[in-house]
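Start at 1 and go down the list; that is how both ligands and their atoms are numbered.
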Amino acid sequence: MNNVEKYARGYFMPPKPSMKWAQKEYITEAPTWCSVDLRDGNQALVVPMNLEEKLEYFQMLVKIGFKEIEVGFPAASETEFTFLRTLIEQNLIPDDVTIQVLTQSREHIIRKTFESLKGAKSAVVHLYNSTSVAQREQVFKKSKEEIVAIAIAGAKLFNEIAAETEGNFKFQYSPESFTGTEIEFALEICNAVLNVWQPTPNNKVIINLPATVSMSMPHVYASQIEYMSEHLNYRDNVILSLHPHNDRGSGVADAELGILAGGQRIEGTLFGNGERTGNVDIVTLALNLYSHGVDPHLDFSNITEIIEMYERVTRMRVNERQPYGGKLVFAAFSGSHQDAIAKGMKWREDNDCQHWTVPYLLIDPKDIGREYEGDVIRINSQSGKGGIGYLLEQKYGLDLPPRMRESFGYAVKNVSDREQKELQPEEIYDIFVREYVNIAAPVQFLNYRFTEHDDFQTVVKVKVNGEAREFTGAGNGRLDAISSAIQNELGIRYSNLLYKEHALTVGSGSQAVSYIGVTAEDGTEHWGCGIDVDIMTSSVKALFSAVNKIASQRG
Ligand SMILES: CC(=O)SCCNC(=O)CCNC(=O)[C@H](O)C(C)(C)COP(=O)(O)OP(=O)(O)OC[C@H]1O[C@@H](n2cnc3c(N)ncnc32)[C@H](O)[C@@H]1OP(=O)(O)O
Ligand SMILES: CC(C)C(=O)C(=O)O
């Protein structure tokens, strides 16, 4: 790559940019959203949507809450035309939704576009022509005056046809390739169109400023928007709309800074589908607002359903890392992140928190229909005790003592590392059962009985390597008595009995679960778990499990 001289900046910073937008900290209210999925998104697909697919997509957009939807370029194809006619003739457009259609500034295309709208209760009719230096010189081969004339001719024809046609039309104009246009010329052509349309408070006009190709850093686009916002004629009667693309990966930043700079309306698509690198992603924009406590007035509470529809009808894929929508965007595999999330969730449960502050999670995944288990804490060789313990507790009700969590965490990591794969919750549970629960070899515990005098005396029936035996012992408490019986009879010494028990609330039947940790003579720590309907038996089983681990290690 040694052709850097080939490139130069092709955008135009406004003269003396005031950059007032840079003083604003955040966006205080949602812009008007206009989905252009069915037009800009559709025109970028390998196989554009068919009629049924467009209908299904339209209905999903309505369900999400879009009130303005660009439904197509009706002069482009039979499918586009028929789709619009179907929406109108089958009365599929809710009263509070306005459809929008796009047309070039060419007479036959404009006429066909208005024809397609017959019977529509209301519509935005969107006129565009290209204004950039590159397009003027290379494509249209026209002077600035001639380019303005194309826009004015289209704008006048809009007035004429609308006057002859029944219908409640709002007009929109886009200086296409705005970002490669000298800012003063962009202003001149937009004002020329506004002068033809003469917007009023009851008949506002939309001026849409597209980053048809995103060419600059976002602060330049924002400054361009601010300049236009401050200098457009009839500003109070103009709705300033933004239409960012994502060529430099800054579509969302362009839109957000553009709103700070005066943009009132955003045209974009779900998951950023659209030409080349796509249009701006409205899901991200809306949920970014949501994460600041600003109601986006769009409902993404079932994002999985939206993704399913989107992928099926567009034949595109939502990338795993796509903000909010991607499969992995709430997933934490790494130990320290899992630990912080698990603790954050617990803190939230224990405290009366008004706001969401759980570390690493920008929003609560549940708000968009994602589950903590499966979507958030996921286990592989990068994971740690915090996440693994959290998962066992949430899914199986097993609340391990902290030191046992650590020991189990290493056991799980090792399996994942050896097998080079993510482990599912069921596999983790199986490892836990295999490693700790009711371990019965070499010593199989059968039953016990106690007699109580000054202390507790016990006789425990067991099988050692299949041979029936009775262990006897005494102690201050029942478990103490059994522990001394085991140590006497097996000759195994251990200390530091760590103990925890709780009722098992997940799953059927009421069971008790006990965890016991012991330190063997060589200083190694061993854990066992017992599960039983009887609490005493569960702790005896836990003790035998721990002792069996020492015994198997001893050989
Ligand atoms: C950035 C955007 O997304 S803009 C929207 C782009 N979307 C689409 O183009 C999808 C739908 N388009 C189509 O189906 C077709 O282009 C049609 C039906 C609209 C027009 O088809 P055609 O006339 O056969 O072809 P085409 O679009 O190539 O026309 C090019 C001519 O229109 C002119 N033209 C292109 N855009 C415009 C415009 N907005 N206003 C006026 N003239 C225009 C070109 O200069 C060129 O003129 P020439 O014939 O003198 O060379
Ligand atoms: C028609 C215009 C708004 C457009 O789609 C673009 O410039 O990207």
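Q104 CB, 3.5 Å is the protein heavy atom nearest to atom 38 (C) of ligand 1. In terms of protein heavy atoms, atom 18 (C) of ligand 1 is closest to A75 O, 3.7 Å. With respect to atom 13 (C) of ligand 1, the closest heavy atom belonging to the protein is A76 CB, 4.0 Å. Nearest protein heavy-atom neighbour of atom 32 (O) of ligand 1: R106 NH1, 3.1 Å. Closest to atom 45 (O) of ligand 1, if we only count protein heavy atoms, is F140 CE2, 3.1 Å. In terms of protein heavy atoms, atom 40 (N) of ligand 1 is closest to S105 N, 3.0 Å. Counting protein heavy atoms only, atom 1 (C) of ligand 2 is closest to R39 NH2, 3.8 Å. Counting only heavy atoms of the protein, atom 8 (O) of ligand 2 lies nearest to H245 NE2, 3.0 Å. Regarding atom 7 (O) of ligand 2, its nearest protein heavy-atom neighbour is T212 OG1, 2.5 Å. Here the heavy atom of the protein found nearest to atom 17 (C) of ligand 1 is I109 CD1, 4.3 Å. At the shortest separation from atom 4 (C) of ligand 2 among protein heavy atoms lies H243 NE2, 3.5 Å. Residue, atom and distance of the protein heavy atom nearest to atom 9 (O) of ligand 1 are F73 CE1, 4.1 Å.
Under a 3.5 Å cut-off, the side chain of D247 and the backbone N or O of V213 do not form any donor-acceptor pair. Judged by distance alone, the side chain of W347 and the main-chain N or O of C353 form no donor-acceptor pair under 3.5 Å. E427 places a side-chain N or O within donor-acceptor distance of the main-chain N or O of Q424, the cut-off being under 3.5 Å.
The presence of a protein heavy atom under 4.0 Å from atom 23 (O) of ligand 1 is confirmed. For atom 27 (O) of ligand 1, the nearest protein heavy atom lies under 4.0 Å away. Counting protein heavy atoms under 4.0 angstrom from atom 49 (O) of ligand 1 gives zero.
The contact set between ligand 2 and S174, taken as ligand atoms under 4.0 Å from a residue heavy atom, comprises 3 (C). Proximity to E176 (heavy-atom distance under 4.0 Å) selects the following atoms of ligand 2: 7 (O). Counting atoms of ligand 2 from 1 in the listed order, those under 4.0 Å from a heavy atom of P210 are 6 (C), 7 (O).
For ligand 2, the polar-atom distance check against D40 finds a nitrogen or oxygen pair separated by under 3.5 Å. By the 3.5 Å distance cut-off applied to N or O atoms, Q43 is counted among the residues near ligand 1.
Contacts of N208 with ligand 2, taken as heavy-atom pairs under 4.0 Å, involve the side chain alone. Contact annotation for E176 and ligand 1: only side-chain heavy atoms (C-beta onward) come within less than 4.0 Å of the ligand. The part of D40 lying near ligand 1 is the side chain, judged by heavy-atom distances below 4.0 Å.
Residues V205 and P199 share a closest heavy-atom pair of CG2-CB, 3.8 Å.
Y221 does not carry R248 over the face of its six-membered ring by the limits of under 6.0 Å from the centre and within 45° of the normal.
The shell of residues lying under 4.0 angstrom from ligand 1, judged by heavy atoms, includes R39. In this structure, L102 counts as a contact residue of ligand 1, since one of its heavy atoms falls inside 4.0 Å of the ligand.
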Item to check | Step-by-step salt bridge (Lys or Arg N to Asp or Glu O under 4.0 Å) determination, R111 to E107 | outcome: CA-CA 6 Å; R111 288 197 183 280; E107 181 169 351; 2.9 Å; yes
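Between F271 and Y310, a ring centre-to-centre spacing shorter than 6.0 Å is recorded. Less than 6.0 angstrom separates the ring centroid of F169 from the ring centroid of F114.
Put simply, the residue from N42, T79, L38, T314 that forms a side chain to side chain contact (heavy atoms under 4.5 Å, CB included) with P48 is N42.
Salt-bridge formation is not detected for the pair E426/K395: no Lys NZ or Arg NE/NH1/NH2 atom is positioned less than 4.0 Å from an Asp or Glu carboxylate oxygen. Between R315 and E53 there is a salt bridge, since a side-chain N of the basic residue sits under 4.0 Å from a carboxylate O of the acidic one.
Side chains of L257 and L260 form a contact here, defined as non-hydrogen atoms less than 4.5 Å apart. The shortest distance between side-chain heavy atoms of E182 and K144 falls below 4.5 Å. Between L362 and V329, every side-chain heavy-atom pair lies at or beyond the 4.5 Å cut-off.
The closest side-chain donor-acceptor pair between S174 and N208 falls under 3.5 angstrom.
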